[in-house]
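Below is one structure, written out as structure tokens; comments come after it.
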Number of protein chains: 2
Amino acid sequence: MKFAKIPMATINRLSIYMRTLQDLLEEEMDVISSERLAKQCGVNPAQIRKDLAYFGEFGVRGVGYRVSDLINQIKEILGLNRNWNLAMVGLGNLGSAMIRHGNFIKHGYIFTSAFDVDPQKVGKRLPNGLIINHVDELEEIVKEREAHIGIIATPASAAQSVANQLVLGGINGILNFAPVQIQVPDCCHVENVDFTIKLDCIAYHLSSGG
Amino acid sequence: MKFAKIPMATINRLSIYMRTLQDLLEEEMDVISSERLAKQCGVNPAQIRKDLAYFGEFGVRGVGYRVSDLINQIKEILGLNRNWNLAMVGLGNLGSAMIRHGNFIKHGYIFTSAFDVDPQKVGKRLPNGLIINHVDELEEIVKEREAHIGIIATPASAAQSVANQLVLGGINGILNFAPVQIQVPDCCHVENVDFTIKLDCIAYHLSSGG
DNA sequence: CCCATAATGTGAATAATATCACATTGTTAA
DNA sequence: TTAACAATGTGATATTATTCACATTATGGG
């Protein structure tokens, strides 16, 4: 099953299901049907079952899914039953905010290095204890600290060059906040986050009366 | 043409095209083919033409698209030839970072109000001159300052209640950073941004050898 | 033990989206 | 003026994703 090509959208949804299930677990719910879960996630129940079916059978017919089991299964599927080391590049408003934000650690994402070009910032210690390094040292330090994922929170103009450095440092996953399309070799997976695109999308809906 | 149902993905891409075209304009390029633009945006050339075809004919056969014209056309389509007022709710790390970030104003998105529940924060002045109001006043102030779009940058637990307030305040577009699915009436359009979902997606790709 | 019930898992049907391939049409130059 | 060219716009096709509908199978009660 793991060899079928899985839709990207499915992976995204699995992450959402997991988040919701974790909330349900805190509310001491131990079994849930696809119908109830679907409602809470804003999707179709069959969608959930199909998404899960790519990877196996996790439910009990006539009963539903055991919440804690399903969480673990999805973690297994997504590769979240371990920690991932993050390298943050660019400590402007956004980069700093993310490092201060506690939510990542909670989900097993750990910042093990941080970089900037600003001499004012290099050498400073961040709230989480990390010392900011100069981007010139990126390749070396990223290797040394075994970073798995690079986060680009630099201005657009620097993004491609940073991406190149990250790839040289052996990184195969990049979360890109810069509003440009970066080019990387096939071995590297890029996810883009662009707030203004989302705002544009809202603007469209507002102005076309939808 | 404006009455056909436009794919969501098309709207997203239009925003990306526009961003890329703006870069090209700065490089003094005045005409571009769908092929070159496609390469730069990482999509298929036919995709660009199809996306634009939903709204009209903007190119010149045998030549391509005039960069500055196309930017204006896309702005028109997306409703970006005007300003949009933003209400920021939640001035933690992320909310504060966004307000400090200059990129929004550049694209016509203007913060006209900011809210938090923390008495320590209420009354403080932000770098852009805005004074932080208490969330209790949200509905009233949002109406008064004609906010069009609400941004939820609160903890997950507060998100739904804030969304309700925003809707009461007459807001029809919400950008939600809280990692929960919020429920709103049909008249309100919600876009979600969740970094950890993106990270999960990268983790999946890294661990399943893709 | 067997039946009623409930909710999964899944093949088939549908819908949405992306790509191809080419006819169409401006442009340029001889 | 006209032919060669280049790149759009678009119908047809292929691909992908979602939803339906029901056969399947655990569970619990009579």
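We use all heavy atoms of the structure for the numbers below, so side chains are in, but hydrogens, waters and symmetry mates are not. Order of the sequence lines fixes the chain letters, A, B, ..., with proteins taken first and strands second; residue numbering starts at 1 for each chain.
Atom-to-atom, CG of L37(B) to P of dA7(D) comes out at 13 Å; the value is rounded to the nearest Å. Rounding to whole angstrom units, CD1 of residue I48(A) and P of dA17(D) are separated by 18 Å. Whole-Å rounding puts the D51(A) CG to dT10(C) P distance at 13 Å. Separating the CG atom of N44(B) from the C1' atom of dG9(D) is a distance of 14 Å, rounded to the nearest angstrom. Whole-Å rounding puts the E35(A) CD to dT5(C) P distance at 17 Å. Spacing between atom CD of Q47(A) and atom C1' of dT14(C) amounts to 14 Å, rounded to whole angstrom units. Rounded to whole angstrom, the span from the CE atom of M8(B) across to the C1' atom of dA15(C) amounts to 17 Å. For the pair F55(B) CZ and dT10(D) P, the interatomic distance rounds to 14 Å; values are reported in whole Å.
From M8(A), atom CE reaches atom NE2 of H205(B) across 4.0 Å, with rounding to the nearest 0.5 Å. Going from atom SG of C201(B) over to atom CG of N12(A) covers 5.0 Å, rounded to the nearest 0.5 Å. For the atom pair OH of Y204(B) and CG of L14(A), the computed distance is 8.5 Å after rounding to the nearest 0.5 Å.
Of all nucleotides listed (dG9(C), dT24(C), dT19(D)), dT24(C) comes nearest to the side chain of R61(B). Nearest nucleotide to the E57(B) side chain, out of dT16(D), dA18(C), dT10(D): dT10(D). Listed candidates were dG26(C), dT17(C), dA12(C). Nearest to the side chain of V60(B) is dG26(C). Relative to the side chain of V63(A), the nucleotides dT27(D), dT10(C), dA18(C) differ in distance, and dT27(D) lies closest. Among the nucleotides dT10(D), dG26(C), dC20(D), the one closest to any side-chain atom of A46(B) is dT10(D).
The existence of a salt bridge linking E139(B) and K143(B) is confirmed by a sub-4.0 Å separation between a basic side-chain nitrogen and an acidic carboxylate oxygen.
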Side chain to side chain contact (heavy atoms under 4.5 Å, CB included) between K39(B) and Q183(A), worked out: CA-CA 10 Å; K39(B) 187 172 286 177; Q183(A) 308 292 327; over 6 Å; no

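Side-chain N/O atoms of R49(A) and base N/O atoms of dG9(C) include a donor-acceptor pair closer than 3.5 Å. Side-chain atoms of K50(B) and base atoms of dT17(C) include no donor and acceptor less than 3.5 Å apart.
Using a 4.0 Å heavy-atom criterion, one finds that S34(B) contacts the sugar-phosphate atoms exclusively.
When the side-chain nitrogen and oxygen atoms of Y65(A) are compared with OP1 and OP2 of dG9(C), one or more of them lie within a distance under 4.0 Å. Of the side-chain N and O atoms in R13(B), one or more sit less than 4.0 angstrom from OP1 or OP2 of dA18(C).
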